[in-house]
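First the structure, in the form of structure tokens, and then the observations on it.
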Amino acid sequence: MAVIDKIALALLIIGGVNWGLVGIFSFDAVAWLFGGTGAILSRVIYILVALSAVWCISLLFKDEHPVEVHHK
């Protein structure tokens, strides 16, 4: 797994946990940590999580075991 894939998955996990907190407790941890939902840093985090989700779509179609080609 490439480094960018791991970063995207980590950000997606953060986003998923945050949405879980919003759904269960009505608590937005990103907004709480970074100054509210409208704060620039919060918005950057939300955008990075969204981009990570889009990136992770490609992981669904990635072949884990590529075919090796042997040349004679």
Side-chain angles (χ1 to χ4, degrees):
M1 182 178 281
V3 172
I4 192 164
D5 296 341
K6 290 181 181 182
I7 292 169
L9 283 172
L11 285 169
L12 201 54
I13 290 167
I14 290 167
V17 169
N18 193 56
W19 273 111
L21 290 171
V22 170
I24 296 168
F25 302 111
S26 296
F27 176 70
D28 187 341
V30 171
W32 180 74
L33 287 170
F34 299 108
T37 57
I40 294 296
L41 197 50
S42 293
R43 294 180 66 191
V44 168
I45 299 296
Y46 297 140
I47 291 167
L48 289 174
V49 169
L51 291 173
S52 296
V54 172
W55 179 266
C56 286
I57 291 170
S58 71
L59 298 179
L60 291 172
F61 304 103
K62 194 178 257 190
D63 188 9
E64 286 188 33
H65 304 288
V67 177
E68 293 184 22
V69 178
H70 297 283
H71 297 283
K72 293 183 180 185

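Along the sequence shown, residues carry numbers from 1.
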Exercise. What residue pairs, at least two apart or across chains, pass side chain to side chain donor-acceptor pair (under 3.5 Å) with a residue in residues 32-48?
Worked result: Asp28-Tyr46
Exercise. Restricting to pairs with a member in residues 1-12, which pass side chain to side chain donor-acceptor pair (under 3.5 Å), not counting sequence neighbours?
Worked result: Asp5-Trp55, Asp5-Lys62
Problem set entry | Spacing of Leu33 atom CG and Ile45 atom CD1 [to the nearest 0.5 Å] | 9.0 Å
Exercise. For Ile24, which residues count as a side-chain contact (heavy atoms from CB on, under 4.5 Å) partner, sequence neighbours excluded?
Worked result: none
Seminar exercise, completed: Taken in chain and number order and not counting sequence neighbours, the residues that satisfy side-chain contact (heavy atoms from CB on, under 4.5 Å) with Phe61 are Ile57
Problem set entry | Partner set under side-chain contact (heavy atoms from CB on, under 4.5 Å) for Ala29, not counting sequence neighbours | Asn18, Leu21, Phe27
Seminar exercise, completed: Joining Ile, Leu, Val, Met, Phe, Trp and Tyr whenever any side-chain heavy atoms lie under 4.5 Å apart, the cluster holding Ile47 also takes in Leu51
Problem set entry | Sequence-distant partners of Leu48, side-chain contact (heavy atoms from CB on, under 4.5 Å), two or more places apart | Leu11, Val44
For this session: Give the cluster check for Leu41 versus Val30: same hydrophobic cluster or not, with ILVMFWY residues linked at side-chain heavy-atom distances below 4.5 Å.
Result: yes
For this session: Determine the minimum heavy-atom distance between Ser52 and Leu12, stating which atoms define it.
Result: CB-N, 4.3 Å
